[in-house]
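Below you'll find the structure, written out as structure tokens, and then a few comments.
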Amino acid sequence: MRIKNICCIGAGYVGGPTMSIIAQKNPKINVYVVDMNANKIAAWNSKNLKNLPVFEPGLSKVVKQARNRNLFFSTDVNKYIEKADMIFISVNTPTKISGKGKGYAADLKYVEACAKQIAKVSRSNKIIVEKSTVPVRTSEKIKEILRSNNSDVDFQILSNPEFLAEGTAMRDLEIPDRVLIGGDDTIKGKKAIDSLVEIYSSWVPKKNILTTNLWSSELSKLTANAFLAQRISSINSLSELCEETGADIEEVSKAIGMDTRIGSSFLKTSVGFGGSCFQKDILNLVYIARSFGLEKVADYWEQILIINKHQRNRFAKNIIGCIKENNLKPRVLILGWAFKKNTNDTRESAAIYVANNLLNENIEIYIHDPKVKRSQVDFDLSNLNPNYDKSLVNFTDDPLMNISEHNIIAIITEWDEFIDYNWKRIYTKIKKPAYIFDGRNILEVEKIRKIGFNYIGIGRT
Ligand code: NAD
Ligand code: UGA
């Protein structure tokens, strides 16, 4: 079946960029991205491309090219569900906060609501594509909802998980390591797979498009994230051992990564990983393993999260210790709030947890991030602790303006601009003794120490 109209439900960090690329590469297909959040859709339609709701290098160029040609953003969910031959479900699947599986299982209420709405509105056959990250066998649930609510049309379900990383999303979409498509091993199922393969083939080499059964595709997504996060927690756990022994984690990481069997990716030590997915997907994996009685398997994967929390806490603890031991004014300048550079996304950012620990000790914080707004910082902090002391939190667009009032700088996000700061000049103005806690090891230790700063990195002494 040749696809003419695509609808994507969910105009978020995945739906927006993914559909922009699909539209750019398939000018003959109309792509309608719909969302119930009217503000978000208005932002996607905004004339000023700086106001797009997602910041991703290269995104605005693609949106500019395809928007209102064959890429459209709308709140009219029903209209475009009905119009489409293929519907992507790209809605959020957060960790459940209540009910069975609370704190672990993925909350599928948004996915299920989409399935119900599709069933209600559809008058013609459709291919439904699971783009959201979901527990293995979710497609079975979707099938059940669709068929029990609408037996007049044929629904084929595909799983097509997304592997893009924020900050590099456009490159990841343009040259993906692989595109994964899971579907049923039936004539109709295979035809549906072929339709989606054809869409991706307009720019992805066929050898990079992997087709599997539905369950393998769903499980591969969860486990890919767990493997990536596992590497970060492994290196972060060793960073603490480095601090005790005098080994340097950057040297250890390089030495390990040069083994081609291990590889060098995802071995960069940090203040802890953040982002909307690693934690939620691992919690979900742990939940699935426990629900099958696989306690040891569940404990193994949960350990990744325990180390991650420990890494964030010990970073904050070092800062608090420094203030107390040196009798410094309880005030810290935090550089970076996003969970990684080149994104405005702050979900599960280590910065939120570090800041919360500092606030619990009545330490005043000044925050600067090139892409995050003050309102987002307030939202993140109150989400974690509704009673946090607002009077201790300051947001600054020019972090260096009042630098003479600070002894301590904490780098949490690895934004390039922090590397490029004139640290010599900063040293002349900052209060002495001056401390830099580098949660990303982005600064050159020798150079910074030579300037006069006390430099405390991760896993290096
Ligand atoms: P997001 O929160 O940025 O976007 C989801 C959007 O769906 C929201 O705008 C919300 O308003 C909308 N929505 C929810 N229910 C709806 C409904 N019934 N009708 C219309 N709109 C609805 O989420 P995201 O970061 O884009 O993630 C989406 C999925 O993709 C998740 O399952 C996530 O795990 C997965 N994923 C995310 C990333 C990433 O980098 N963020 C990468 C790969 C996979
Ligand atoms: C991650 C995966 O990389 C994507 O493949 C996946 O599609 C996505 O999750 C998802 O499912 O949401 P993302 O979270 O956007 O992408 O970004 P990453 O580059 O994976 O970084 C995650 C966190 O780990 C960041 O806080 C980053 O700073 C940290 N990190 C990453 C490290 O601390 N060390 C590293 O070596 C790499």
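Sequence positions, counted from 1, serve as the residue numbers for this chain. Ligands are counted one by one from 1 in listed order, and the atoms in each one are counted from 1 as well.
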query = Starting from atom 19 (O) of ligand 2, which protein heavy atom do you reach first, and at what distance in Å?
reply = K340 NZ, 2.8 Å
message = When you measure from the heavy atoms of S276 to every atom of ligand 2, does any distance fall below 4.0 Å?
response = no
ask   = Can a salt bridge be assigned to the pair D369 and K341 using a cut-off of 4.0 Å between side-chain N and carboxylate O?
value = no
message = Would K83 and D76 count as a salt bridge (Lys or Arg N to Asp or Glu O under 4.0 Å) here? Give the steps.
response = CA-CA 11 Å; K83 192 171 170 136; D76 199 340; over 6 Å; no
ask   = For atom 5 (O) of ligand 2, what's the nearest protein heavy atom and its distance?
value = F163 O, 2.7 Å
ask   = Just one of T93, N92, T133 clears the side chain to side chain donor-acceptor pair (under 3.5 Å) bar with K280, so which one?
value = T93
query = Between S90 and ligand 1, does any nitrogen or oxygen pair lie at a separation below 3.5 Å?
reply = no
message = Counting non-hydrogen protein atoms only, what is the nearest one to atom 36 (N) of ligand 1? Give residue, atom name and distance.
response = V14 CG2, 3.5 Å
query = Could an N or O of ligand 1 be found under 3.5 Å from any N or O of Q117, whether backbone or side chain?
reply = no
query = For K25, does the NZ atom sit with more than 12 other heavy atoms under 6.0 Å from it, leaving out its own atoms?
reply = yes
inquiry  = Applying the side-chain contact (heavy atoms from CB on, under 4.5 Å) criterion to Y388, which one of N383, L359, D380 satisfies it?
reply    = L359
note = for atom 7 (O) of ligand 2, nearest protein heavy atom and its distance come out as L164 O, 2.7 Å
ask   = Judging by distance only, is a nitrogen or oxygen of A165 under 3.5 angstrom from one on ligand 1?
value = no
note = Heavy-atom proximity to atom 27 (C) of ligand 2, picking from K268, R347, R440, K341, points to R440
query = Using heavy atoms and a threshold below 4.0 Å, how should the contact between T343 and ligand 2 be classified: side chain, backbone, both, or neither?
reply = neither
request  = For T269 and N236, test the side chains for any donor-to-acceptor distance below 3.5 angstrom and give the result as yes or no.
outcome  = yes
task = Answer yes or no: does an N/O atom from D345 fall short of 3.5 Å to an N/O atom of ligand 1?
result = no
remark   = For L164, the ligand 1 atoms with a heavy-atom partner under 4.0 Å come out as 40 (O), 42 (C)
ask   = Looking only at heavy atoms, what is the nearest atom pair of V134 and L108, with distance?
value = CG1-CD2, 4.0 Å
key: Closest protein heavy atom (residue, atom, distance) for atom 4 (O) of ligand 1   = G12 CA, 3.3 Å
Aromatic F55 / basic K371 pairing, under 6.0 angstrom, 45° off normal = yes
key: Distance from atom 2 (O) of ligand 1 to nearest protein heavy atom, with residue and atom   = R347 NH1, 3.5 Å
ask   = For ligand 1, is there an N or O atom under 3.5 Å from any N or O atom of K40?
value = yes
message = Minimum heavy-atom separation for C114 and V91, please, with both atom names.
response = SG-CG1, 3.6 Å
request  = Would you mind listing which atoms of ligand 1 come within a distance below 4.0 Å of any non-hydrogen atom of I9?
outcome  = 19 (N), 20 (C), 21 (N)
ask   = Can you tell me which residue and heavy atom of the protein come closest to atom 15 (O) of ligand 2, and the distance to 0.1 Å?
value = E166 N, 2.8 Å
query = Between S276 and ligand 1, which residue portion shows a heavy-atom distance shorter than 4.0 Å: side chain, backbone, both, or neither?
reply = side chain
inquiry  = I'd like the name of whichever of V33, V34, D172, D35 reaches closest to atom 6 (C) of ligand 1 through any heavy atom.
reply    = D35
inquiry  = Give the atom numbers and elements of ligand 2 that come within less than 4.0 Å of a heavy atom of C277.
reply    = 10 (C), 11 (O), 12 (O)
query = Nearest protein heavy-atom contact for atom 31 (C) of ligand 2: which residue, which atom, what distance?
reply = I232 CD1, 3.5 Å
ask   = Short N/O distance, under 3.5 Å, between N225 and ligand 2?
value = yes
inquiry  = Looking at non-hydrogen atoms alone, which of F278, Y13, F339 comes nearest to atom 25 (C) of ligand 2?
reply    = F339
message = Does the structure place the NZ or CZ of R231 under 6.0 Å from the centre of the six-membered ring of F266, at an angle of no more than 45° from the ring's axis?
response = no
task = Run the numbers for me: atoms of ligand 1, each under 4.0 Å from some heavy atom of E166, listed by number.
result = 39 (C), 40 (O), 41 (N)
key: Candidate with minimal heavy-atom separation from atom 20 (O) of ligand 2, of F227, F266, F273   = F266
inquiry  = Within the 4.0 Å heavy-atom shell around K221, which atoms of ligand 2 are there?
reply    = 6 (C), 7 (O), 10 (C), 11 (O)
remark   = A student checking ligand 2 against L228 at a 4.0 Å heavy-atom cut-off should list atoms 2 (C), 3 (O)
query = Which of these, K131, E130, E112, K280, has its nearest heavy atom closest to atom 34 (O) of ligand 1?
reply = K280
query = Atom CD of Q24 and atom CD of Q65: how far apart are they, to the nearest 0.5 Å?
reply = 4.5 Å
ask   = Would R231 count as a contact of ligand 2 if the rule is a heavy atom under 4.0 Å away?
value = no
key: Polar side chain donor-acceptor pair, R314 to S239, under 3.5 angstrom   = yes
remark   = When distances are taken from atom 32 (O) of ligand 1, the protein heavy atom at minimum range is T93 OG1, 2.6 Å
message = Closer than 4.0 angstrom, basic N to acidic O: yes or no for R290 and E302?
response = yes
query = Does an N or O anywhere in K221 fall below 3.5 Å from an N or O of ligand 1?
reply = no
message = Is the distance between the ring centroids of F72 and W44 under 6.0 Å?
response = no
message = With nothing but distance in play, are any N or O atoms of E162 less than 3.5 Å from an N or O of ligand 1?
response = no
query = Any N/O of D281 closer than 3.5 Å to an N/O of ligand 1?
reply = no
key: Closest non-hydrogen atom pair between Q156 and D154, with its separation   = NE2-OD2, 3.3 Å
message = Suppose we measure from atom 13 (N) of ligand 1 to each protein heavy atom; which comes out shortest, and what is that distance?
response = V91 CG1, 3.6 Å
ask   = Do Y32 and Y80 make the cut of ring centroids closer than 6.0 angstrom?
value = yes
message = Against the six-membered ring of F155, is R147 placed for a cation-pi contact (under 6.0 Å from the centre, within 45° of the normal)?
response = no
query = Thinking salt bridges, do E82 and K126 make one under a 4.0 Å N-O criterion?
reply = yes
key: Between Y200 and N26: side-chain donor-acceptor atoms closer than 3.5 Å   = no
task = Provide the number and element of each atom of ligand 2 under 4.0 Å from a heavy atom of S270.
result = 32 (C), 33 (O)
query = Below 4.0 angstrom, N of the basic side chain to O of the carboxylate: do E144 and K141 qualify?
reply = no
request  = Note the single closest protein heavy atom to atom 17 (C) of ligand 1, along with its residue, its atom name and the distance in Å.
outcome  = M36 SD, 3.7 Å
